[in-house]
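Only heavy atoms go into these numbers, but all of them, side chains included; no hydrogens, no water, no symmetry mates.
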Amino acid sequence: MAALLLATLALAAVIVVRWASEADRGDSDEADTAVSPTTSSSSTTTTTTTTTTTTTTTTTTTTTVPPFEGWVDPETSGQPWGDAVEGLLTFRGNPTRTYYGRGPVPSAPEVVWRFPEGDPLCSLSSVGGEPRQWCGTGWTGQPAVFERDGRTWVVVGAFSSSVHFLDADTGERLLGDFVTGDIIKGSVTIDPDGYPLVYTGSRDNQFRVVAFDGGTPRELWSLGAYDLGPIVWNDDWDGSGMVIDDHLFIGGENSRFHIVRLNRRYGDDGLVAVDPEVVFHAPGWDDELLAAVGSELSIENSVAVSGDTAYFANSGGLVQGWDISGLRDDPVSAPERVFRFWAGDDIDASLVIDAEGMIYAGVEYQRGTARSHEVGQIIKLDPSRPDDPLVWSVHVRGVLDGSGVWATPGLHRDLLIVPTHTGHVYGVDTATGEVRWTKKLPGPTWPSPAIVDDVWIQGDCGGGLYAFDVSDTTVEPPELWRISLGACIESTPAVWNGLITVGTKGGYIYGIR
């Protein structure tokens with residue numbers, strides 16, 4: 001009996017297993033000087049030990065992850081925004097500016113339509129008081145592509161001083177154009193919650209909400225660049241608005257950050273309506289920045305949101321994060337600035353945020369400040385370390401006012417793809433800042449990368465549209481194909497269900513399959 005008891009106790013012995021896991025934008029052709037990454041003084045060494053134990057007992061553990069309570073779950077980085085509308089709905093697709101569209105990517109691409117079929121999309125806009133002709137689409141100019149009523153729509157703002165509503169299969173108009181008072185440079189946003197609304201800025205001083213549920217697009221509301229102040233610089237709107245939970249987040253070249261409660265609804269006539277209210281606005285500058293670089297300041301990038309923080313940068317190189325958590329429960333709660341980092345030079349590229357909340361920024365080289373020499377032009381920031389956020393930086397300076405980054409970097413797994421003004425494109429290790437490879441394209445390369453199904457799509461100012469294989473992020477990506485569209489590509493391409501849509505400065509928008 002004693003022997004039987006001992007054997008039973010031995011079979012019931014408990015074996016404890018321990019495991020660990022690791023959590024992870026000139027004409028000049030002068031080369032940028034890529035310098036080894038500069039890493040901040042803070043460093044972490046992680047040691048992982050794996051113990052393998054064989055046991056006859058199988059234990060099943062079920063872990064329930066509570067739903068994220070906040071504005072934007074950081075884990076949605078790289079994913080489409082919302083589940084009400086299928087599509088690429090805003091510049092770079094989602095609040096963290098990390099979604100590029102849906103495949104498949106064409107393997108033997110051909111132009112299947114060109115819009116318009118006749119004269120190019122052109123209009124006049126003043127530069128320095130002198131009228132100048134602008135044609136096609138420019139920076140950032142990414143089309144929105146989405147599914148609605150059994151059709152795939154393409155909506156794009158252009159240098160024609162209009163928003164165009166097209167059929168993705170044919171390139172024909174689905175609706176008449178919505179005409180603005182000046183050119184449209186930025187990317188439009190389609191409402192992610194299914195309301196038939198497009199949000200767009202223009203160089204005519206207005207940021208608008210436009211309905212497209214009738215036979216003719218109609219303006220429902222606009223915000224003027226001089227409506228709220230004080231302002232600095234000018235009245236253009238380049239940024240692509242971000243819409244989350246009935247709130248619009250937008251920065252303007254007046255250098256103000258705005259949050260608008262839209263109050264979307266349907267009227268008694270069945271048509272969509274809005275009753276917007278600006279619930280918060282703040283200057284995109286502070287006294288310290290004015291003292292450092294003066295008042296030539298604007299917000300040209302698109303606001304990004306991760307967690308409960310809205311992030312943006314400005315042409316003075318100031319990266320900011322504003323805590324918006326209170327707005328969820330208290331309509332009059334005022335956001336507070338919780339993050340500040342000065343990169344020393346113009347940041348027009350949108351900030352990109354990964355699933356861990358890390359920020360990647362591309363910096364231009366225009367002022368040549370001592371700070372820009374110190375910080376570099378491709379940087380990774382950790383906002384959880386507000387006193388020492390610089391994780392690493394890469395210096396890619398060439399000719400002053402003719403180098404640096406205008407394109408929004410592309411994030412693909414552990415790789416950051418960064419086109420520069422000179423045409424050099426850098427593949428950077430997101431963890432270390434090591435430059436893994438460099439490619440040279442005809443500059444300036446202002447289009448942002450689109451990366452879908454391990455294929456990186458990139459336009460250049462020579463009129464080339466390329467595809468590269470980035471399935472292996474550790475090696476220089478081989479070219480899969482290239483086609484010529486005959487004029488400088490400055491806009492970011494959109495990829496959706498086998499169609500690539502992109503405009504050029506030659507005056508046309510192309511559908512490519």
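- With sequence neighbours left out, Asn263 forms a side-chain hydrogen bond (donor to acceptor under 3.5 Å, both in side chains) with no residue at all.
- Residue Arg264 holds its CZ atom at 12.5 Å from CG of Leu220, rounded to the nearest 0.5 Å.
- Looking only at distances, no side-chain donor or acceptor of Trp446 sits under 3.5 Å from a matching main-chain atom of Asp460.
- Considering OG of Ser123 and CH2 of Trp134, their distance stands at 9.5 Å, rounded to 0.5 Å.
- Inspection of the Tyr199 and Asp191 side chains reveals an N or O donor paired with an N or O acceptor under 3.5 Å.
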| said: Arg218 vs Val210, test: side-chain contact (heavy atoms from CB on, under 4.5 Å). Steps then yes/no. | reply: CA-CA 5 Å; Arg218 65 191 193 282; Val210 177; 5.9 Å; no
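- In the model, Asp345 has no side-chain atom that pairs as donor or acceptor with a side-chain atom of Tyr365 under 3.5 Å.
- With sequence neighbours excluded, the residues that form a side-chain hydrogen bond (donor to acceptor under 3.5 Å, both in side chains) with Ser240 are Thr90, Thr189.
- Aromatic rings of Phe339 and Phe341 (six-membered ring for Trp) have centroids beyond the 6.0 Å cut-off, not under it.
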| Given Phe312 and Phe257, is the ring-ring contact (aromatic ring centres under 6.0 Å, His included) satisfied, shown in steps? | CA-CA 9 Å; Phe312 61 92; Phe257 168 52; 4.8 Å; yes
| task | Show the numbers, then the answer: is there a side-chain contact (heavy atoms from CB on, under 4.5 Å) between Trp71 and Asp245? | result | CA-CA 8 Å; Trp71 283 89; Asp245 293 342; 4.0 Å; yes
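- For Asn94, the side-chain hydrogen bond (donor to acceptor under 3.5 Å, both in side chains) criterion is met by Thr96, Thr98, not counting sequence neighbours.
- Looking only at side-chain heavy atoms (C-beta outward), Leu121 and Ile509 come within less than 4.5 Å of each other.
- His412 pairs by the ring pair (Phe, Tyr, Trp, His ring centres under 6.0 Å) definition with nothing, not counting sequence neighbours.
- A 4.5 Å side-chain heavy-atom check between Arg340 and Val319 finds every atom pair outside the cut-off.
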| message | The test is side-chain contact (heavy atoms from CB on, under 4.5 Å); show your working for Cys135 and Phe159 and say whether it passes. | response | CA-CA 5 Å; Cys135 293; Phe159 290 163; 5.6 Å; no
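- Under a cut-off of 6.0 angstrom, the local environment of CH2 in Trp233 is sparse, with at most 12 non-hydrogen atoms contributed by other residues, nucleotides or ligands.
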| query | Step by step, would you call Arg256 with Asp227 a salt bridge (Lys or Arg N to Asp or Glu O under 4.0 Å)? | reply | CA-CA 11 Å; Arg256 297 200 74 82; Asp227 290 352; over 6 Å; no
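- Side-chain contact of Ser125 with Asp182: a donor-acceptor pair under 3.5 Å is present, judged by distance alone.
- With hydrogens and angles ignored, the 3.5 Å screen pairs a side-chain donor or acceptor of Thr369 with a backbone N or O of Gly344.
- Residues Ile259 and Pro335 come closest through the heavy atom pair CD1-CG, 3.9 Å.
- Side chains of Leu465 and Ile489 form a contact here, defined as non-hydrogen atoms less than 4.5 Å apart.
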| said: salt bridge (Lys or Arg N to Asp or Glu O under 4.0 Å), that's the test. Do Asp246 and Arg261 meet it? Break it down for me. | reply: CA-CA 6 Å; Asp246 204 37; Arg261 185 176 298 111; 5.8 Å; no
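- For Arg92 (side chain) and Pro409 (main-chain N/O), a donor-acceptor pair under 3.5 Å exists by modelled atom type.
- Side chains of Pro383 and Tyr311 form a contact here, defined as non-hydrogen atoms less than 4.5 Å apart.
- Using modelled atom types and a 3.5 Å distance limit, the side chains of Tyr226 and Asp235 yield a donor-acceptor pair.
- Judged purely by atom type and a 3.5 angstrom limit, Glu253 has no side-chain atom pairing as donor or acceptor with the backbone of Glu300.
- A heavy-atom distance below 4.5 Å is not found between the side chains of Val428 and Tyr360.
- Residues Gln142 and Ser187 have side chains that never bring a donor and an acceptor to within less than 3.5 angstrom of each other.
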Can I get a per-line list of side-chain donor-acceptor pairs under 3.5 Å for residues 266-280, giving both atom names and the distance, sequence neighbours left out?
from, atom 1, to, atom 2, distance (Å)
Asp269, OD1, Leu271, N, 3.0

| said: Is there a side-chain contact (heavy atoms from CB on, under 4.5 Å) between Phe91 and Ser350? Walk through the geometry before answering. | reply: CA-CA 9 Å; Phe91 178 66; Ser350 296; 3.6 Å; yes
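- Side-chain atoms of Glu110 do not come within 3.5 Å of backbone N or O of Ile512 as any donor-acceptor pair.
- In this structure, Ser302 and Met242 have side chains that are not in contact, with every pair of non-hydrogen atoms separated by 4.5 Å or more.
- Between the side chain of Trp81 and the backbone N or O of Val243 there is at least one donor-acceptor pair closer than 3.5 Å.
- Using a 4.5 Å heavy-atom threshold, the side chains of Thr137 and Glu490 count as separate.
- The aromatic rings of Phe212 and Trp153 lie tilted to each other, with the angle between the two planes from 30° to 60°.
- Counting only distance, with no hydrogens or angles, the side chain of Glu219 and the backbone of Arg208 share no donor-acceptor pair below 3.5 Å.
- The ring pair (Phe, Tyr, Trp, His ring centres under 6.0 Å) search around Tyr99 returns none, not counting sequence neighbours.
- Taking a 6.0 Å sphere around CD of Glu336, one finds it holds 12 or fewer heavy atoms contributed by other residues, nucleotides or ligands.
- Checking His164 against Ser162 by side-chain atom types alone, no donor-acceptor pair falls below 3.5 Å.
- In this structure, Arg482 fails the cation-pi test against Tyr466, since its NZ or CZ atom is not both closer than 6.0 Å to the six-membered ring centre and inside 45 degrees of the ring normal.
- For the residue pair Trp342 / Glu288, no side-chain donor-acceptor distance below 3.5 Å is found, with atom types taken as modelled.
- No more than 12 heavy atoms of other residues, nucleotides or ligands sit less than 6.0 Å from atom CZ of Arg151.
- His258 pairs in a ring pair (Phe, Tyr, Trp, His ring centres under 6.0 Å) with only one of the listed residues (Phe249, Trp237, Phe207, Trp322), which is Trp237.
- Here the side chain of Ser315 pairs a donor or acceptor atom with the backbone of Glu296 at under 3.5 angstrom.
- Between the side chain of Asn314 and the main chain of Gly316, a donor-acceptor pair closer than 3.5 Å is present.
- In this structure, OG in Ser372 is found 6.5 Å from CZ in Arg397, a value given to the nearest 0.5 Å.
- Salt-bridge check for Arg367 with Asp346: failed, with every basic side-chain N at 4.0 Å or more from each acidic carboxylate O.
- Tested against Asn254, the residues Leu228, Asn205, Ile231 include a single side-chain contact (heavy atoms from CB on, under 4.5 Å) partner, Ile231.
- For the atom pair CD1 (Ile359) and OG (Ser306), the distance works out to 8.0 Å, reported to the nearest 0.5 Å.
- Atom CD1 of Ile244 is separated from atom CG of Leu262 by 11.5 Å, given to the nearest 0.5 angstrom.
- Looking only at distances, no side-chain donor or acceptor of Ser202 sits under 3.5 Å from a matching main-chain atom of Gln206.
- With values rounded to the nearest 0.5 angstrom, Ile190 atom CD1 is found 8.5 Å from Leu197 atom CG.
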